[in-house]
Amino acid sequence: QVPLKPGRSLMDWIRLTKSGKDLTGLKGRLTEVTEDELAKHNKKEDCWICIRGFVYNVTPYMEYHPGGEDELMKAAGTDGTDLFDQVHRWVNYESMLKECLVGRMAVKPVSAPKANLLRVHSIPLSVSMAKMLKILIILLGSIYIFSLLYFLILFYSYDWFQTDSLITIVIYTKQKDMNAELVIVDCQDKQLRGEIIVDDHSYLVEIGLDHAVQGDVAVNIAEKIGKVEITLKKKDNIHWKMLGQHLESHNTFIKRTDRGLFYRKCKLISKTEVTHDTKLLCLMLPESTHLHVPTGQHVYLKQIIAGTEVVKPYTPVLPFLPLDLKEPSRHDGTYIYLMIKIYSCGLFTQALDHLQIGDYISVSNPEGNFKKSQVQTSEDLFLLAAGTGFTPMVKLLSCALTEVSCLRTVKLIFFNKTEDDILWRNQLEQLALKDERFEVQFILSQPTKDWVGKQGKISLSLLSEFVKRSKKDSKVLICICGPTPFTEQGVQYLKDLGYSQEEIHAFTA
Ligand code: FAD
Ligand code: NAD
């Protein structure tokens, strides 16, 4: 994020889009845009960008872009879909930029391929070599497609059966390590959506049910054979002739990032103070949802603010730091706990703070690239957190201290501005007393004169003092999360200290 000029916040942008001003310069007319036409609009004062086939005039948005004008200009006059997906595919640009829509991209006429144009490193290839290369490319492509199909057909199939009162859908994944975190089920308004996560891919069963079912859904997983059973209760105990209509994405196996985010409405159950500006929100999942947010992953919350959909990521925590580490959390699967800092001029958090107990808010499926296996083999775990960057560390801490048998030390180095900003200080200190493997260090950047602890910001000398292997070749994992400059500087210092990329995990969007 870059500092924006006054009057250029997201709220100001929403106001501008509602003002009735002609933001495209086309007086509401939609046009078909050719690639040549798009390429002409590549200047700050005249900038068009294509996202998923739709072209937007983002010139008026330039000064409002939280990532800065230069970031936006990277896609000027071109198709910015990949760049957009890399940086923030969760942002609802359709809603944010709807007043900037210029039109659709024109469909390109398909021209016959020219064999003699195929060149590798500028060396012209003979026509026969070019043909062979083409065949090779087609072959490799086919192998990829067939292996996906093979995977889908052999490893993923589903079936259903019924009793007088129940409907059971069985998904056979043949995945040996299938577990509750890899299955997400929602059943709303006679629509059943069951998603199975397989590394970075997802398999989906999506059906418009033939008859109504009751509110609750049960999910049973046979972990060893990878069988997932979804059981629904019939509303009327009648015999179903069919399960229902297949919806658009039914029976698809695609990359997770290509699947749109799915949201369900969760009820706000409680709001408790953690510090002067940070609250712990408890959200209840619908009875008809089966969802467990994996360690190190975040969800997106969605609210309509002044008529525009706004989406922000948050990392679920536990209701408290478990001191009795043998007992698993009983709350998982029913509630989602979020520790959220309310900024006095924050658009989203101000709206969140105005939610009343009993109100509903949309919560997405989990996302994130942290893998639990990274921590399961580590002997020394270092957690570098700044402010609310503490949130991913909560489940990580609990997971490390309960599930990782080879773990020798866990050290949390927690950076805050003042003593009053330290989240769960008491609980952290208690945990350190209770478990000798765990140590916590608080570092303040704006302490009062009474502070006797460490002060300053993240630095090379500080990290060289606190991040040390417990023995020469011990397996280390260092996780870092906080404001972007904090994370970026931290990663650089760690590399300067000789830690490898594999030993560092930085939490980002
Ligand atoms: P904004 O309106 O974006 O502003 C927040 C504050 O920053 C305001 O004071 C504003 O003045 C200032 N500000 C914002 N943008 C700029 C700018 N460009 N220039 C100068 N000042 C600016 N937060 C949590 O509290 N808990 C979490 O668990 C959590 N998890 C996250 C997980 C991920 C993966 C990521 C990426 C972020 C997470 N965040 C979390 C941060 C969260 O997503 C929001 O960014 C945060 O809540 C602020 O949102 P807002 O709309 O209220 O604030
Ligand atoms: P804050 O402003 O209270 O700062 C906390 C500490 O961070 C400071 O005391 C300082 O030590 C350090 N810090 C702040 N700015 C710095 C800078 N420019 N350079 C070096 N160090 C700096 O923090 P906050 O308001 O609680 O913000 C927390 C941040 O963590 C937010 O930006 C949020 O988006 C991010 N966050 C990210 C994730 C994630 O990516 N998974 C999860 C949670 C929070």
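Bear in mind that the values here come from a model prediction, so they are computed numbers and not experimental data. Index from 1, following the sequence. Just so you know, ligand 1 is whichever comes first in the structure, and atom 1 is the first atom listed for that ligand.
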Carboxylate-amine/guanidinium proximity below 4.0 Å for [X] and [Y]:
X: D353; Y: K279; value: yes
X: K475; Y: E379; value: no
X: E429; Y: R425; value: yes
X: K5; Y: D12; value: no
X: E465; Y: K454; value: yes
X: D380; Y: R469; value: no
X: E99; Y: K21; value: no

Given [options], identify the one with the heavy atom nearest to [atom].
atom: atom 8 (C) of ligand 1; options: G67, C345, G368; value: C345
atom: atom 38 (C) of ligand 1; options: S9, G387, P313; value: P313
atom: atom 45 (O) of ligand 1; options: Q297, M11, K312; value: K312

What part of [X], side chain, backbone, both or neither, has a heavy atom within less than 4.0 angstrom of ligand 1?
X: T388; value: side chain
X: Y343; value: side chain
X: L10; value: neither
X: L347; value: both

Next item on the list: Identify the protein heavy atom lying closest to atom 28 (O) of ligand 1, giving its residue, its atom name and the separation to 0.1 Å.
Entry: T315 N, 3.1 Å

Check: How far is atom 53 (O) of ligand 1 from its nearest protein heavy atom, and which residue and atom name does that atom have?
Finding: G346 CA, 3.4 Å

Margin query: Check this for me - ligand 1, T349, N or O atoms closer than 3.5 angstrom, yes or no?
Written below: yes

Next item on the list: Report yes if K341 has an N/O atom closer than 3.5 Å to an N/O atom of ligand 1; otherwise report no.
Entry: yes

Which N/O atoms of ligand 2 sit under 3.5 Å from a protein N/O, and at what distances?
| residue | atom | partner | partner atom | Å |
| --- | --- | --- | --- | --- |
| ligand 2 | 2 (O) | K417 | NZ | 3.4 |
| ligand 2 | 3 (O) | K341 | NZ | 3.0 |
| ligand 2 | 9 (O) | N416 | O | 3.0 |
| ligand 2 | 9 (O) | K417 | N | 3.2 |
| ligand 2 | 9 (O) | S445 | OG | 2.7 |
| ligand 2 | 25 (O) | K341 | NZ | 3.1 |
| ligand 2 | 25 (O) | Y343 | OH | 2.7 |
| ligand 2 | 26 (O) | K341 | NZ | 3.0 |
| ligand 2 | 26 (O) | T388 | N | 3.0 |
| ligand 2 | 27 (O) | Y343 | OH | 3.4 |
| ligand 2 | 30 (O) | G482 | O | 3.4 |
| ligand 2 | 40 (O) | F507 | O | 3.3 |

Would a 4.0 Å cut-off, counted as strictly less than, catch a protein heavy atom around [atom]?
atom: atom 12 (C) of ligand 1; value: no
atom: atom 21 (N) of ligand 1; value: no
atom: atom 47 (O) of ligand 1; value: yes

Next item on the list: Over 60° means perpendicular and under 30° means parallel, so classify the ring planes of F390 and W424, tilted if in between.
Entry: perpendicular

